[in-house]
There are 4 protein chains.
Amino acid sequence: MLNRVILIGRLTKDPELRYTPSGTAVATFTLAVNRNRANQEGEREADFIPVVVWQKQAENCANYIGKGSLVAIDGRLQVRTYDGKDGQRRWVTEVVAENVRFLDKREKGSTLEQIGKEVPFSDDDIPF
Amino acid sequence: MLNRVILIGRLTKDPELRYTPSGTAVATFTLAVNRNRANQEGEREADFIPVVVWQKQAENCANYIGKGSLVAIDGRLQVRTYDGKDGQRRWVTEVVAENVRFLDKREKGSTLEQIGKEVPFSDDDIPF
Amino acid sequence: MLNRVILIGRLTKDPELRYTPSGTAVATFTLAVNRNRANQEGEREADFIPVVVWQKQAENCANYIGKGSLVAIDGRLQVRTYDGKDGQRRWVTEVVAENVRFLDKREKGSTLEQIGKEVPFSDDDIPF
Amino acid sequence: MLNRVILIGRLTKDPELRYTPSGTAVATFTLAVNRNRANQEGEREADFIPVVVWQKQAENCANYIGKGSLVAIDGRLQVRTYDGKDGQRRWVTEVVAENVRFLDKREKGSTLEQIGKEVPFSDDDIPF
DNA sequence: TTTT
DNA sequence: TTTT
């Protein structure tokens, strides 16, 4: 069946990179996705959406983006279940990103710019 | 910012229809979205995703679909926060459906078939 | 960059299956995607969208769906250029399907039903 | 039926703004959407996709974006037919944008920045 | 050249 | 007819 999620938003913090026992990289972060309209107090509302990324893209996220970065996510919705420390079963809904596009302008002379010059020209390998 | 979710799946139960104090219709249901592959035990895995629908579409859902119905959802991801009875703050992630398409074949002579004939020809008003 | 198209519609004809010189299967068909509202004459309008499918999914399409079948497509937009017989350069915009979901109910006792029983349980291999 | 297209890319030229006889604004432009990989010659390939925008969003496009601007489009695929000057019927496939998000960083002190300060805080009214 |  |  079909399950597709597309988001554009900003990281609320730097991504957290971990490795599974078998050595696969996993990055997690939460994405602030602004809604279209401000609320009554004039504050802009946002949805804070948990995102998981796997493998090489996880490492790219850890290396190239951080708190405040603007990204586009293309992935799917996943619902996991886990048992809290209080013994209660809980549900987590998160987006598994199949693709993460980095949308920030790279500053002239930034690390990203430099790195961009040394690596193959591909959105999959390096962000740009 | 962009926030879009597209799902195809089946209702795990009949939709629940409620009204807000101001009279707006809201339907909720959970959608079973099968993943592509079966797990080690040969069982098919699925994600169970909470869906909310508003206004006339909510009433259409309550009237025309039920447990087991196949639907396509086009909407956005929303994260709400609420306080549990234990005083703990919890988060709910759900899909707010902007469009619900009914994908089941209507049986010849079913209520749906009949109704289809009496109402204007529009996916927005009646499902088909 | 991001490029994603999601469609639900019906085939206007049986898919055409071909093979590239190197032996890769390609299926093409056009999808009638109904718009939401009827026009002034009360006729339902539709967009007729060219779709291309590659490899095993191409062969699945040729085997399992035909004129009138209801499918969901998840893919990307592609613009190709070619030279007409009049020497004029022309553009074709088509959807390259990465996933084709078959949404029709299989009739009891149909080939599809039988096949469903003999093959591994996966949306990627057999439609269901 | 479902018909959804989501794109991120750059304008190849400034948008063209026109008005229908009844006074509705329409903007058109073509979006260069880079594919993921470079071709054999090491050049980056792209799809050049025609986009149409209506009403206030059309005027926003004409006012705030131009050649080279990075945007995200959320809309639907449309196939139109027209008769060429040679009397031949032709087909055009284009994306009707329901939402256009402006993704470029506004330069400090730019018109966009200034305007941003004077207008209501909403992605629908002003880009940011 | 179009589907239910 | 194409963008960075």
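Per chain, numbering begins at 1; letters A, B, ... match sequence-line order.
- Look at CG on D/N36: it is 19 Å from P on F/dT4, rounded to the nearest Å.
- Protein atom CD of D/Q78 is 18 Å distant from nucleotide atom P of E/dT2, rounded to whole Å.
- Residues meeting the side-chain contact (heavy atoms from CB on, under 4.5 Å) test with C/Q55, sequence neighbours left out: C/T24.
- Straight-line distance from the CG atom of C/L11 to the C1' atom of E/dT4: 12 Å, rounded to whole Å.
- For the pair D/E94 CD and F/dT1 P, the computed distance is 20 Å after rounding to whole Å.
- Under 3.5 Å, the side chains of C/T81 and C/R89 contain a donor-acceptor pair of N or O atoms.
- Under 4.0 Å is where a charged nitrogen must lie from a carboxylate oxygen, and between D/E98 and D/R4 at least one such pair does.
- If you take CZ of D/R10 and C1' of F/dT1, they are 20 Å apart, rounded to a whole angstrom.
- For the pair D/N34 CG and F/dT2 P, the interatomic distance rounds to 15 Å; values are reported in whole Å.
- With F/dT1, F/dT2, E/dT3 as the candidates, the nucleotide lying closest to the side chain of C/R89 is F/dT1.
- Contacts classified as salt bridge (charged side-chain N to carboxylate O under 4.0 Å, His left out) and involving residues 57-70 of chain D (residues at least two apart or in different chains) are not found.
- Counting any heavy atom pair closer than 4.0 Å across all strands shown, D/K67 reaches sugar-phosphate atoms only and no base atom.
- As a whole-Å value, the separation of D/E45 CD from F/dT2 P is 15 Å.
- Atom pair A/L103:CG and F/dT3:P shows a separation of 20 Å (rounding to whole Å applied).
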